[in-house]
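Chain A is the first sequence line, chain B the second, and so forth, proteins listed ahead of strands; every chain is numbered from 1. Owing to the predicted nature of the structure, the values given are computational and were not obtained by experimental measurement.
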Amino acid sequence: MSDKQRYNAREIEPKWQRVWDDAQVFRAKLDRSKPKYFVLEMFPYPSGRIHIGHGRNYVMGDVVARFKRAQGFNVLHPMGWDAHGMPAENAAMEQKVHPAAWTLDNIETMKAQLKLLGLSIDWSRELATCDPGYYRHQQWMFLRFMEAGLVARKESAVNWDPIDMTVLANEQVIDGRGWRSGALVEKRKLTQWFFKITDMAEDLLSRLDTLDRWPERVRTMQRNWIGKSEGARLKFALTAPVPNAAEAIEVFTTRPDTLFGASFVAIAADHPIAQTLGGQDPKLQAFIEECQRLGTSEAALETAEKLGFDTGLRVKHPFDPSWTLPVYIANFVLMEYGTGAIFGCPAHDQRDLEFARKYGLPVKPVVLPPGADPNAFDIGADAYSEDGTLFRSQFLDGLTVENAKRAAIEKLQALGVGQRQITYRLRDWGISRQRYWGCPIPVIHCEACGVVPVPDAQLPVNLPKDINFDRPGNPLERHPTWKHVACPRCGNPARRETDTMDTFVDSSWYFARFAGPSETAAVDKEAVDYWLPVDQYIGGIEHAVLHLLYARFFTRAMHKIGLTSIDEPFAGLFTQGMITHETYKDLSGAFVFPEEVERREGGVAVKRGTNEPVTVGAIEKMSKSKKNVVPPEVVADTFGIDAARWFLMSDSPPERDSEWSDAGIQGAWRFVQRVWRMVSDSLDTIPAPGTLATQSMTGDALALRQLSHRTIAGVTDDLGAFRFNKAVARLYEFLNGLEKLKGAGSDFGAARREALETLSLLISPMTPHLAEECWLALGGTGLIVDAKWPEADPDLVRQDTVTLAVQINGKRRAEINLAKDLADPDVETAVLAFEPVAKSIDGHRVKKVIIVPNRIVNVLLEPAGS
RNA sequence: GCCCAGAUGGCGGAAUUGGUAGACGCGCUAGUUUCAGGUACUAGUACCGCAAGGUGUGGAGGUUCGAGUCCUCUUCUGGGCACCA
């Protein structure tokens, strides 16, 4: 290959990036003459540096943005920084840098890296959530939410590290111990701030049905998370009241039909009755403390061994006061769900069954499976939770589960001890964090006036800059002056709230801020009404529940206070897979970066320069901690960013994980070179720009035109449906065909020009720099980034003949070419007369012929001898 | 533990509503060119078999003329589980 032909990405890519920048082509404007399209990738946390794995997410969004632009949409494609969070505080502790300095440094680095990717981003809308210009509006919204009744203050449990005297995140609790101190973690109650997301549970649930451009599995996960269940709330009266606590235990159940199978009542360790009793009984207190040591994560609670403690209390059965049940404290009962108390029916609930077997409690079946013998039916190792008929249940006998539920609730109601109740698993959103690097909650605590909102005129409540992380705990709490303020209401000395907001709050409205940035308001209403909702949101499946649910809540809350006119922020959602890479370890067992590894003959790997052997480990998600990351700079330098973009879009379907490999990026690099060679080699043989291919062409020219137009149709479909890998495969086929079809004459030249222009346009969303360079060489008008997406000519896309597979008794035996859409009887005649088929039939009687039009023919024969 | 996904050649993967399993890329094999090595081009490449043919989509059953696709059970891998973001 001569130097003249080689495509030099290192020079060409920055050149086009400058051209786009200078022309400000990606600057979004409110323009009602075009349909709008808002593309958004979940914004990054500025953790340090990006690796090529992060690139997949942004490139995917960029392909969509460029594709929609070409299709005539007014596209908004912004980028920003989810800049609050724990890693900045960890860095402050470990490296003695200020969280703000660390964060801003990272943003600078990562922005430069993102720019390298050649993304079509409107950087004028860039934002960082740690900027007081952003979070002041968040504080303002918090105050409006308070007025609208969307904020609550209540007790909830946190992981408390008694040595470091600090609150721990779940990920900082390892095997029940604090990650730094190693101390046994305690569950502690704090009064904290909440958003009342449960008020909107029903709407958040039912509107999921309308989100038809969301993956079904994300909707399912959200449905399960909200966890609507219908059942009953009922009281079990205590045989003897607990002094200063209660006369009855209230439980929630979804199975009131099984009440006659009840054998115990269990309450949570932090249930008020348990707390009261614990004060009187040291053994019980010890058990409660053991339960609390499990921390607050659901996974930890659920995987722990199911344990109970008999309180000695007894309750009366609501349908038969002479029948009493024991009351246990159980570690699997959660105070946060329902009433913090359950009744156990071991025969029809697996968890209750295991508990009953462990503590020797009765197991009495009351639901009979269809067809089972009531005298013989017994429960073994498995509870029976399916449908059936009630028995041994007095007035419920003979009813189905469904009817028995209804009858039981009616009876409870008549007796005045219970009623129908709908419960959600969803809990209110606790937004309090006892940390520094977050948005301060704008309230003041005054001894006389109580909780007082910070007046709007005093916003933002800025974080103090002079803090230190020498000691664990919240620096805001121990700052000498920051929290001491005068009460806005009475003027007496008061105390600032030192909790900051969960970073999920920051990311719950940034898309609205992108759409309508404003100096004076949280959002510019006109702009937000124009751009929202986000037409295509792209991010990892790990955000399927929390982030997406919180953003849906927040959008409703913003609507309620008049900031927006919509309830659903994301009309379309795509969840992409992660980029993985091999891991490498040196002799000391330390991870080694891929760039330091050299692969030798026979699969041996050594450390570059030193010849120290390196072991090749599992293929895992790219992460800094495992060092299996590839920096975008290195890729851009060796292969060009277009090759990387092409590779990231090829191979795996976008929702799946995909492995980054040297071979893969080299293949992509070859594609870039081939495209360029094809274009530059053709320049001498194609007619001048503007020469059009015509309808009257025949032969190779027609064949090439058909290929071009079929590719247009296919790629357009694929890109619209997020099938980037298939679009890539089609473009390979196009290029292969283009290299093979060699015609001559002016017709072919014109068809070839059309094909090359088409190729440039079709690759432009994926490899925009290469496309610009080809477009320039071909003499296209203006920038390709402003060019219109090509349209397929239906006459050229249509196929006249089809290849049908012919099966004999379900086994494929032949292929036959027939006219498309041929009538069934004609197909049958043609197939039966077709020589290879006739040979197979040979003497057998044809029982039946199944014809699937344009696809397959299945000839069924009578077995021999019949 | 619970919820949600996924599993197809040596590898990444393709396969409209159930209708030719393996598109496309990587790798590999043989050849050509250039050249002494990384480029380009041509041909081949699921597995077994000389062939005819047979077998094949994590595993075990089932439905169907026909199953990668639907149903039941099961194994393994990944994501989430409310203070990682």
Which nucleotide wins on minimum distance to the side chain of A:R656, given the candidates B:rC4, B:rC83, B:rA14? B:rA14

Please answer whether the main-chain N or O of A:D382 pairs with a side-chain N or O of A:Q350 as donor and acceptor at a distance below 3.5 Å. no

Rounded distance in Å between the C1' positions of B:rA15 and B:rU63: 22 Å

Heavy atoms from C-beta onward define the side chain here; which of B:rA82, B:rG13, B:rG78 lies closest to that of A:D657? B:rG78

Say we look at B:rA21 and B:rG66: how far apart would their P atoms be, to the nearest angstrom? 14 Å

Per atom distances to the A:Y550 side chain, the nearest of B:rG19, B:rA85, B:rA82 is B:rA82

Would you please confirm or rule out a distance under 4.0 Å between OP1 or OP2 of B:rA14 and any side-chain N or O of A:N725? yes

Please say whether more than 12 non-hydrogen atoms of neighbouring residues, nucleotides or ligands are located less than 6.0 Å from CG in A:D175. no

Parallel, tilted or perpendicular for A:W429 and A:F195, by the 30°/60° rule? perpendicular

Are the aromatic rings of A:F647 and A:W669 close, with centres under 6.0 Å apart? no

Side chain of A:A169 only, heavy atoms from C-beta on: which candidate in B:rG13, B:rC83, B:rG66 is closest? B:rC83

Where does B:rG44 land, syn or anti, given syn is within 90° of 0? anti

A:Q807 side chain, from C-beta outward: closest of B:rA85, B:rA82, B:rA21: B:rA21

Taking CZ from A:F639 and P from B:rU39, how many angstroms apart are they, rounded to a whole number? 11 Å

Select base, sugar-phosphate, or nothing to describe what A:F332 touches, counting heavy atoms under 4.0 Å on all strands. nothing

Could you measure between the two P atoms, the one in B:rU64 and the one in B:rC71, and give it in whole Å? 16 Å

Distance from A:D270 atom CG to A:E155 atom CD, nearest 0.5 Å? 10.0 Å

What distance, rounded to whole Å, do you find between the two C1' atoms, one in B:rG58 and one in B:rA5? 15 Å

Side chain of A:A805, heavy atoms from C-beta onward: which of B:rU20, B:rG1, B:rG79 has the nearest atom to it? B:rU20

Where along nucleotides 24-35 of chain B does protein come under 4.0 Å, by heavy atom, of base (B) or sugar-phosphate alone (S), with - for untouched nucleotides? SSSS--------

With rounding to whole Å, what would you report as the distance between B:rA7 and B:rU55 at their P atoms? 25 Å

When the distance from CG of A:D824 to C1' of B:rC65 is rounded to whole Å, what number comes out? 15 Å

For the pair made of CZ in A:R425 and C1' in B:rC2, what is the distance, rounded to whole Å? 8 Å

Between B:rA85, B:rU20, B:rA82, which one does the side chain of A:T803 approach most closely? B:rU20

When you look for runs of 3 or more Watson-Crick or G-U pairs in a row, both distances below 3.5 Å, which of them include RNA chain B? B:1-7 with B:75-81, B:10-12 with B:24-26, B:27-32 with B:40-45, B:46-48 with B:53-55, B:58-62 with B:70-74

Quick one: the side chain of A:N224 and the base of B:rC3, do they pair up donor-acceptor inside 3.5 Å? no

Think A:K726 has a side-chain N or O under 4.0 angstrom from the OP1 or OP2 of B:rA15? yes

Give me the distance, rounded to whole Å, that separates B:rG13 from B:rU17 when you measure between the C1' atoms they each carry. 23 Å

C1'-based separation of B:rG61 from B:rA67 [nearest Å]: 14 Å

Any chance the rings of A:Y537 and A:F511 have centres within less than 6.0 Å? no

Residue pair A:R710, A:E733: steps toward the salt bridge (Lys or Arg N to Asp or Glu O under 4.0 Å) verdict: CA-CA 11 Å; A:R710 282 170 194 163; A:E733 281 175 304; over 6 Å; no

Checking contacts here: which listed nucleotide (B:rC4, B:rC83, B:rG66) is nearest the side-chain heavy atoms of A:M221? B:rC4

Under 4.0 Å between a side-chain N/O of A:N170 and OP1 or OP2 of B:rA82, yes or no? yes

Taking the six-membered ring for Trp, are A:F724 and A:F722 closer than 6.0 Å centroid to centroid? yes

Surrounding NZ of A:K621 (heavy atoms of other residues, nucleotides or ligands, distance under 6.0 Å), is the total greater than 12? no

Protein-nucleotide distance (A:R813, atom CZ; B:rA52, atom P), rounded to Å: 12 Å

Can you tell me how far P in B:rG27 sits from the matching atom in B:rU74, rounded to whole Å? 42 Å

Salt bridge (Lys or Arg N to Asp or Glu O under 4.0 Å), that's the test. Do A:D428 and A:K154 meet it? Break it down for me. CA-CA 10 Å; A:D428 276 333; A:K154 53 187 175 183; 2.8 Å; yes

Have a look at A:S156 and tell me which of A:R188, A:Q192, A:R427 forms a side chain to side chain donor-acceptor pair (under 3.5 Å) with it. A:Q192

Between B:rG80 atom P and A:L546 atom CG, what is the distance in whole Å? 10 Å

Base B:rC83 paired with A:Q172 side chain (donor-acceptor, <3.5 Å): no

Winner on side-chain proximity to A:H543, out of B:rA85, B:rG66, B:rA15, is B:rA85

A:P87 side chain: which of B:rC83, B:rA85, B:rC65 is closest? B:rA85

Between A:R217 and B:rA5, is there a side-chain N or O to OP1/OP2 distance below 4.0 Å? no

